[in-house]
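Labels below follow one simple rule: chain letters A, B, ... track the order of the sequence lines, proteins then strands, and each chain is numbered from 1. In this text, all values refer to a predicted model and were calculated from it rather than measured experimentally.
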There are 2 protein chains.
Amino acid sequence: MSLPTRRRPPPRPSGSTASERLKEAAIIEFSDRGFHATTTRDIAARAGLSPAGVYVHFPSKEDLLYAITLDGHLAALEMLQEAATDAPSPVEALRTTVGTFAQWHAERFQDARVVQYEFPHLGHEHREHILGIRKQINAVVSDILTLGVAEGLFDVDDIPATTLAILSMAVDVCRWYDSEIKRSPESIGNDYGELAVRLVSARG
Amino acid sequence: MSLPTRRRPPPRPSGSTASERLKEAAIIEFSDRGFHATTTRDIAARAGLSPAGVYVHFPSKEDLLYAITLDGHLAALEMLQEAATDAPSPVEALRTTVGTFAQWHAERFQDARVVQYEFPHLGHEHREHILGIRKQINAVVSDILTLGVAEGLFDVDDIPATTLAILSMAVDVCRWYDSEIKRSPESIGNDYGELAVRLVSARG
DNA sequence: GTCTATACCTTGATAGAC
DNA sequence: GTCTATCAAGGTATAGAC
């Protein structure tokens, strides 16, 4: 079965500018070893700059983390909103949004790990901004469930709790996925979209 | 509906010895800020010791992380095995194991965060040992699914993938749960046990 | 915008008295 | 077993030449 409303995330622009190369280097280092275990020297070396070169483009290591997490959250939110808008029914909307979200957590598992695991290390102001985007991501799925319940398609007791459980499954993909894994991101997306539908579908 | 085979995790022994107090302090600090962002001074201060006091009881910060993660993984494994053994059927076994597991991830969310998010920062040898225990945890659920499929109770395409998705939901509880949250760990355990059964049950 | 050099601080861990 | 004092290493970030 094909899922025509599912979109592949656009390829990440390859780093031409120093600023792009720094962000790409930081994603690899942060996702691999965590924000605090990564040194600015590691990032600079991977981007082909001297240790001081980082500070021309980002005022601090935390600002670099913020730039990355902001990119990642906005990309995820836009993909979800687009998938939800295009879907002809709540069932299709749930299948395609969760599928897209899970696929992204596999295909871009390094970006996703920074998004999911490192954003708590942001400073207060930056973290608050990101938390606002996260609420919007939550709302995309929550709204689909609300609509599906109203139309009698879904059987859901507690919408916020179920939203959380569905997103949990998809988010956790970035924890176990890596480039060694045989299952394709597309196949993972298909499976998780299906699991989400199964989790909320009204019984015959 | 009551779930008689679900057990409450035993209360954590309150820290009488300095070694216990150090482990408790480290759980709080590691879960809150991560392994690398936590200093041995933070841990020592919380345990009521001088910075040097740590090294009488643990040869290094990494050894302290290992002691904590080992405790946590063994506790989780034992709870799961006990729940699985006591259950009268695969359906009940799945409900009670996943429920127990999710409940633990709420009730002991700080221990669980160290177990789930900090264990990758262990040294090679220690990490390998922990990975062995994690495989056993996986196997408890995987074996239940296999049995349930053989008995025609479950409808599961890919047992490893479904095991992963079910455990993902429960593991992720420790990411969002905290002491502010109104839902009780028991109620979360009930819900997640039910969700797991719903995910794999054969359709009428 | 990139470099070399370095200031200044914090870190994990140790020495040695009690 | 706990302390005070301290070391050596490595951290973020800055200064100033080019």
Figure out the [atom1]/[atom2] separation between [X] and [N], and round it to whole Å.
X	N	atom1	atom2	result
D42(B)	dA13(C)	CG	C1'	16 Å
L65(B)	dA13(C)	CG	P	12 Å
D63(A)	dA13(D)	CG	P	9 Å
E62(A)	dA13(D)	CD	C1'	14 Å
F35(A)	dG11(D)	CZ	P	14 Å
K61(B)	dA9(D)	NZ	P	19 Å
L22(A)	dA13(D)	CG	P	14 Å

Atom pairs and distances, side-chain donor-acceptor, residues 160-172 of chain A, under 3.5 Å, sequence neighbours left out:
from: T162(A); atom 1: OG1; to: D158(A); atom 2: O; distance (Å): 2.8
from: T163(A); atom 1: OG1; to: I159(A); atom 2: O; distance (Å): 2.8
from: S168(A); atom 1: OG; to: L164(A); atom 2: O; distance (Å): 2.9
from: S168(A); atom 1: OG; to: D172(B); atom 2: OD2; distance (Å): 2.4
from: D172(A); atom 1: OD1; to: R175(A); atom 2: NE; distance (Å): 2.7
from: D172(A); atom 1: OD2; to: R175(A); atom 2: NE; distance (Å): 3.4
from: D172(A); atom 1: OD2; to: R175(A); atom 2: NH2; distance (Å): 2.8
from: D172(A); atom 1: OD2; to: S168(B); atom 2: OG; distance (Å): 2.4

Does the side chain of L64(A) reach to within under 4.5 Å of the side chain of I43(A), using non-hydrogen atoms?
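Yes - at least one pair of side-chain heavy atoms lies under 4.5 Å apart.
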Going through the checks in order, is the side chain to side chain contact (heavy atoms under 4.5 Å, CB included) test met by R113(B) and E118(B)?
CA-CA 7 Å; R113(B) 286 180 191 174; E118(B) 305 306 322; over 6 Å; no
Salt bridge present between [X] and [Y] (N-O < 4.0 angstrom):
X	Y	value
D155(B)	R198(A)	yes
R95(A)	E194(A)	yes
K61(B)	D42(B)	no

Any base atoms under 4.0 Å from S19(B), or only sugar-phosphate, or nothing? Heavy atoms, all strands.
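S19(B): no heavy atom of the nucleic acid under 4.0 Å.
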Which of residues 118-127 of chain B have a heavy atom under 4.0 Å from DNA chain C?
none
If you assign R41(B) and T40(A) each to the DNA chain D nucleotide with the nearest heavy atom, which residue ends up on the more 5' nucleotide?
R41(B)
Let me confirm one number: the CZ-OG distance from F109(B) to S31(B), rounded to the nearest 0.5 Å.
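Going from CZ on F109(B) over to OG on S31(B), the span is 7.0 Å.
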Got a second to check how far D191(B)'s CG is from Q103(B)'s CD, nearest 0.5 Å?
11.5 Å
Are the ring centres of H105(B) and F101(B) closer than 6.0 Å?
yes
DNA chain D contacts made by residues 45-60 of chain A, counting heavy atoms under 4.0 Å:
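Within this stretch, A52(A), Y55(A), S60(A) sit under 4.0 Å of the strand.
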